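For reference, the structure discussed in these notes is given below.
In this text, all values refer to a predicted model and were calculated from it rather than measured experimentally.
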Amino acid sequence: MSLKTDPLQAFPELRRLASDIVSEAELQQRLEKAAASGKRLRVKFGIDPTFTDVHVGHAVPIRVLRRFQDLGHLPVLILGDATARLGDPTGRNDQRPALSKEEVEANAATYLEQIGKVLRLDPDLCEIRRNSEWFGQMDFFDGLRLLSEGTIARLLERDDFQNRMAKSLPIHLHELVYPLMQGWDSVQVQADIEIGGNDQLFNLHMGRLLQERHGQRPQVCFTTPLLLGTDGRKMSKSYGNHLPLTAGAEDAFGKIMSLDDPSMEPWFRLATDLSEEQSRARLELHPRQAKVALAKEIVAWLHDSEAADRAAEEFERRFRRRELPSEIPQIRLPAGERPLANLLKEAGLATTTSEARRLVRQGGVKVDGQVEKNEIRPLAVPASGNGPLLQVGKRKIAQVCGEDESDLD
RNA sequence: GGGGAGAUACCGAAGUGGCCAAACGGGACGGACUGUAAAUCCGUUGGCACCGCCUUCAGAGGUUCGAAUCCUCUUCUCCCCA
């Protein structure tokens, strides 16, 4: 494995993706030393497989990992299977549930699959470890010894804890241990560098502390900025402003087009491979054009460039020219007549009939292209062939048709 | 171990016996305007067989014609003292 690192060149590119680096001098030193010795740096990144959707925001530190990988260094991916089973308190006010072994394994598999879109996971290019490997071996005494490495005052310094104390929210004992566990991971894998979101800075520091005490050279802490969601708030599934790596091309395209203008710069920087100059060139276009460029870039990453072009055309057709999409999903339903509201629910365009009624009353529903405000208007689904074409709002659309499949459209 | 405060809808937060399906704010959704951007404006926001009915205010019981509101027990959280 040859190192492609020209440390002087690599550094500014990395710096552009960083929130904090502790310390820049050390990072530079290590890059240079690695280049000189030809020895790869071990770049650690830990994830807790507590949920299944990896989104573009999560991907930011992983993209940095990929940069290091491209430079010839070795990503060390830690699956926090042990920590996940305790529940994941990191930076969340609501606690994640503790998971069973099976759930954790299932999540881990899903994770790796998604991370594969960002990082090359070939065994010689990437090391994958589970922290149960060492935590599973520890007995209670070993655990206590680890605990003795930290002090309460030190642990409580963490931002998240400070905030929760201020708000009188609960902090569980095991949460205090979590930074120590993460730090211990660094000792176990002898990390040279650890990557994390900037809310992880405290935990990364803990790794430095523990490594130093255990005779290792303390790791460089490298944190990435938070990529905000499509509405400018923190990206989170619960806000519905996230872009999952598994998003379909058109869906992803649409979500990016709904970004607010100020978000474009960070998105270009943190979610695409474009250089600073390339990004700037695009940002100088009309905001709409810039956004199209951004959306294409990201869809090409999540899928491929053909999918990106298609999504762009489709978007153009649907939302600029306000035409029907080229492919309309078909919903097969049993034949018979029912009120519009009920049909909407059956077709999956509304979650409840009450919601369907509201949508109709508010003029958000079109039947065969015409706004229909009568929620109890009876609509017939034929035994075969096409029934009514339903549209809800700007995005949801379905062609209702009969169940008899012998009839092809 | 002792004392005090608290648990309300997606979130925050009012409500302390009927006028409560529950104020208000945020979010979300629909509409107008647009660059499906932001900002702004209007509307909606438990369910259903929807002019009516049903299920909600941590959980289980109880008092009452009637409870989110009162009582008892349980679970959870916070604060102070030890």
Same-atom distance ([atom1]) from [N] to [M], integer angstrom:
| N | M | atom1 | answer |
| --- | --- | --- | --- |
| C79(B) | G25(B) | P | 31 Å |
| C70(B) | A14(B) | P | 16 Å |
| G2(B) | C73(B) | P | 14 Å |
| C20(B) | G15(B) | C1' | 9 Å |
| C41(B) | U77(B) | P | 43 Å |
| C10(B) | U56(B) | C1' | 15 Å |
| U8(B) | A58(B) | P | 7 Å |
| U55(B) | A68(B) | P | 12 Å |

Check the distance between [N]'s [atom2] and [X]'s [atom1] and give it to me in whole angstrom.
| X | N | atom1 | atom2 | value |
| --- | --- | --- | --- | --- |
| R358(A) | A28(B) | CZ | P | 17 Å |
| K394(A) | C29(B) | NZ | C1' | 11 Å |
| R361(A) | U44(B) | CZ | C1' | 10 Å |
| D260(A) | A38(B) | CG | P | 7 Å |
| L173(A) | C76(B) | CG | C1' | 16 Å |
| K255(A) | A28(B) | NZ | C1' | 13 Å |
| Q391(A) | U36(B) | CD | C1' | 14 Å |
| F253(A) | G35(B) | CZ | P | 16 Å |

Query raised in the report: Does R288(A) put a side-chain nitrogen or oxygen below 4.0 Å from OP1 or OP2 of U36(B)?
Result: yes
Query raised in the report: Between C50(B) and R357(A), is there an OP1 or OP2 to side-chain N/O distance shorter than 4.0 Å?
Result: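 Yes, because at least one side-chain N or O of R357(A) sits under 4.0 Å from OP1 or OP2 of C50(B).
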As a test of reading the structure: which of [options] is closest to the side chain of [X], going by heavy atoms?
| X | options | value |
| --- | --- | --- |
| H172(A) | U36(B), U44(B), U77(B) | U77(B) |
| P170(A) | C50(B), U36(B), C78(B) | C78(B) |
| S354(A) | U77(B), G47(B), U36(B) | G47(B) |

Identity of whatever pairs with [N] - Watson-Crick or G-U, under 3.5 angstrom:
| N | result |
| --- | --- |
| A28(B) | U44(B) |
| U36(B) | none |
| C65(B) | G18(B) |
| U77(B) | A5(B) |
| C50(B) | none |
| U72(B) | A60(B) |

Would you classify [X] as touching base, sugar-phosphate or nothing, given that sugar-phosphate means primed atoms plus P, OP1 and OP2, and contacts are heavy atoms under 4.0 Å?
| X | result |
| --- | --- |
| S258(A) | sugar-phosphate |
| D261(A) | base |
| R320(A) | sugar-phosphate |
| G254(A) | base |

Query raised in the report: Tell me, which pairs form a ring-ring contact (aromatic ring centres under 6.0 Å, His included) where one or both residues lie in residues 327-382 of chain A, sequence neighbours left out?
Result: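 Output for this query is empty, none listed.
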Requested in this report: Could you tell me whether C71(B) is syn or anti, where syn means a glycosidic angle within 90 degrees of zero?
Outcome: anti
Query - Salt-bridge contact E265(A)-R269(A) (side-chain N to carboxylate O under 4.0 Å) - result: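 Answer for the salt bridge query: yes.
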**Report entry** Charged N-O contact under 4.0 Å between R67(A) and D70(A)
**Finding:**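 Here R67(A) does not pair with D70(A) in a salt bridge, since their nearest N and O are not under 4.0 Å apart.
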Query raised in the report: For RNA chain B, what residues of residues 334-352 of chain A have any heavy atom nearer than 4.0 Å?
Result: N342(A), T352(A)
Query raised in the report: Does a donor on one side chain and an acceptor on the other come within less than 3.5 Å for H205(A) and E157(A)?
Result: no
Query raised in the report: Between T223(A) and D20(A), does any side-chain donor sit less than 3.5 Å from a side-chain acceptor?
Result: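 Judged by distance alone, the side chains do pair up.
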Query raised in the report: Looking at E26(A), Q219(A), Q216(A), which one forms a side-chain hydrogen bond (donor to acceptor under 3.5 Å, both in side chains) with R208(A)?
Result: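 Single side-chain hydrogen bond (donor to acceptor under 3.5 Å, both in side chains) partner of R208(A) among E26(A), Q219(A), Q216(A): E26(A).
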Query raised in the report: Looking only at heavy atoms, which two atoms of A312(A) and K296(A) are closest? And how far apart?
Result: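 Result for this residue pair: CB-CE, 3.6 Å.
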Report task. Can you see which heavy atom on I397(A) is nearest to which on P329(A), and at what distance? Result -> O-CG, 3.3 Å
Query - Reference residue D192(A); test salt bridge (Lys or Arg N to Asp or Glu O under 4.0 Å); the match among R30(A), K44(A), R42(A) - result: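 Answer after filtering R30(A), K44(A), R42(A): R30(A).
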Query raised in the report: When you match L359(A) and E355(A) each to their closest nucleotide on RNA chain B, which lands nearer the 5' end?
Result: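 Closest to the 5' end, via its nearest nucleotide, is L359(A).
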Query raised in the report: Can a donor-acceptor pair under 3.5 Å be found between the side-chain atoms of Q362(A) and the base atoms of G31(B)?
Result: no
Report task. Validate the cation-pi geometry between R164(A) and F161(A): distance from NZ or CZ to the six-membered ring centre under 6.0 Å, angle to the ring axis within 45°. Result -> no
